[in-house]
Amino acid sequence: MKEKTAISFQDIYPLLENFIIPQKKTTQVSLEKATELVLAQNIYSPFNVPSFNNSAMDGWAYSSKDILSEGFTLKEVGSSFAGHPYTGSLNLGECVRIMTGAMLPDEADTVTKQEIITAEGTSIHFPEKVRPNENVRFKGEEFLSGDLVLEAGTLLRSGHISLLASLGIETLTVYKKIRVAFFSTGDELQTFGKPLKAGHIYDSNRYSLQSMLQECGIEFIDLGILCDNADSLKKTLLEIAPKVDAIITSGGVSVGQADLTRLVVNEIGTIQPWYCKIRPGKPLAFGKIGNTYFFGLPGNPTAAQVTFHMIVRFALNLLMGITKPYIPITLARVKSPIRKKAGVTEFQRGRLFFENGSVVVDASGTQKTSALSSMATSNCFILLPEQTQEVESGELVSVLPFYGVCS
Ligand code: AMP
Ligand code: MG
């Protein structure tokens, strides 16, 4: 195998952007089915948004030419409700009663909210300090007809879906979902249903992988557990590779005598000479078998999850066609001091919370990579850069939350 190249964590995403060639097969879907899919077309606004001047408040609409700084009185000549516009014309000195979302008469450009108005029959008194053009959503202020609204390569979430719905877009061209096959390797791994034999453990990585892939909306094929045997590894990999876009394995990529996955993939495909200077997760292997991408996660359960969340997910997002995948990051003050080894980017597991109005993170739980409780009780990774060795309480650190909502 080629000499290994050490890659710093901050260089791994640009490297993956060169390594991964996105899958470009497209399909049509209706808007209701488009969430978590990746847009394969640019979307241009079919009309001006808003398409008519409308009111942002319940109140009265009129022309700003009528405004007097000391206050003024106008005559109410009609009303405009959402969906039922005022159809008459509006002269100076006149106003119409208007509701939120209702169309403004052509001559009106200002709305005053009802809370500050005094009405006596059709005499409407406007106070001082009313400003021209306030409380109006003007035609085309968000998009003009033909403006670019969303770019191909956008991962569609509820915010995009509502925008597309407001434009009346019923069907979309999206990239086909990628398919990922995975299996665990290790003679010590057992499936459920039987008591554990001496020296054996239940296979947890296959379940965490399945769950993480589901969280990304990725279709998968679970190939079960494979023993530490080069022939069966080779056979399985060669059989599945042409049928999927990526293969993810766990275990067997380290330097032990039973670590065969890396060797086998290098024989039937290619293994990149890189290793990423992160902890946990240094053994993570990147490769290709034919046109299929290969990601060999370390067997250590926490390392498998860290490498998936921080590196493999980014690669899969690129493969799905997302142009600019990004992982949300925030800053938080550490509750208790943190120690780490210099020379690697470390992802400690922590709990992020609010305390006295500040965002605080605590990494006081176990950091052992074999301890699954460290992932289950955490809600974020604390990203500690390569050069850092210690962080004192109260210092700011970068934090990557796992979920939008957590318990
Ligand atoms: P390996 O990377 O194969 O050397 O495995 C490193 C450690 O992770 C060992 O303690 C393995 O027993 C454990 N391990 C490997 N695969 C799994 C798995 N699928 N589920 C749980 N633990 C695993
Ligand atoms: Mg193993």
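Start at 1 and go down the list; that is how both ligands and their atoms are numbered. Sequential numbering from 1 along the given sequence is applied to the chain's residues.
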Checklist entry - Between F182 and F220, does the ring centroid distance fall short of 6.0 Å? => result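 Between F220 and F182, which both carry aromatic rings, the centre distance is below 6.0 Å.
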
Checklist entry - Between F143 and Y44, does the ring centre distance come in under 6.0 Å? => result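 Centroid distance F143-Y44: not below 6.0 Å, so no.
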
Please identify which atoms of ligand 1 are closer than 4.0 Å to at least one heavy atom of [X].
| X | answer |
| --- | --- |
| G251 | 2 (O), 3 (O) |
| E188 | 11 (C), 12 (O), 15 (C) |
| D203 | 18 (C), 19 (N), 20 (N) |
| N300 | 6 (C), 7 (C), 8 (O) |
| S184 | 19 (N) |
| I201 | 12 (O), 21 (C), 22 (N), 23 (C) |
| D259 | 3 (O), 4 (O) |
| S250 | 19 (N) |

Next on the checklist: Quick one, S45 with D147, criterion side-chain hydrogen bond (donor to acceptor under 3.5 Å, both in side chains). Give me CA distance, side-chain angles, the key distance, then yes/no.
Outcome noted: CA-CA 5 Å; S45 186; D147 275 357; over 6 Å; no

Item to check | Protein residue, atom and distance nearest to atom 17 (C) of ligand 1, heavy-atom basis | outcome: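 Going by distance alone, atom 17 (C) of ligand 1 is nearest to N205 ND2, 3.4 Å.
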
List the atom pairs, with distances to 0.1 Å, where a side-chain N or O of residues 112-119 and a protein N or O form a donor-acceptor pair under 3.5 Å, not counting sequence neighbours.
from : atom 1 : to  : atom 2 : distance (Å)
T112 : OG1    : Y62 : OH     : 2.6
Q114 : OE1    : R97 : NH1    : 3.2
Q114 : OE1    : R97 : NH2    : 2.7

Checklist entry - Mind checking what makes salt bridge (charged side-chain N to carboxylate O under 4.0 Å, His left out) contact with K176, not counting sequence neighbours? => result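 So K176 forms no salt bridge (charged side-chain N to carboxylate O under 4.0 Å, His left out) with any residue.
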
Next on the checklist: Could you work out, for atom 1 (P) of ligand 1, the closest of S254, G199, G252 by heavy-atom distance?
Outcome noted: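 It is G252 whose heavy atom sits nearest to atom 1 (P) of ligand 1.
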
Next on the checklist: When you compare the side chain of S336 with that of D362, does any pair of heavy atoms fall below 4.5 Å?
Outcome noted: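 Side chain of D362 against side chain of S336, heavy atoms only: contact under 4.5 Å found.
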
Item to check | Minimal non-hydrogen separation, K177 against G217, with atom names | outcome: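 Scanning both residues completely, I find the closest heavy atoms to be NZ-O, 3.3 Å.
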
Checklist entry - Hey, mind stepping through Y175 and K25 against side-chain hydrogen bond (donor to acceptor under 3.5 Å, both in side chains) and telling me if it holds? => result CA-CA 6 Å; Y175 292 116; K25 282 175 255 160; over 6 Å; no

Checklist entry - Does a side-chain N-to-carboxylate-O contact under 4.0 Å join R137 and E141? => result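 Looking at E141 together with R137, the answer is no, because their closest N to O distance does not fall below 4.0 Å.
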
Next on the checklist: Any carboxylate oxygen within less than 4.0 angstrom of a Lys/Arg side-chain nitrogen, looking at K234 and E267?
Outcome noted: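 Yes, this pair counts.
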
Min heavy-atom dist [X] to ligand 1 below 4.0 Å:
| X | answer |
| --- | --- |
| R206 | no |
| S204 | yes |
| G256 | no |

Checklist entry - Measuring to protein heavy atoms, does anything land under 4.0 Å from atom 8 (O) of ligand 1? => result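 There is a protein heavy atom less than 4.0 Å from atom 8 (O) of ligand 1.
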
Next on the checklist: Geometry only, no angles: is G299 polar-contacting ligand 1 at N/O separations under 3.5 Å?
Outcome noted: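 Yes; the residue has a nitrogen or oxygen that sits under 3.5 Å from a nitrogen or oxygen of the ligand.
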
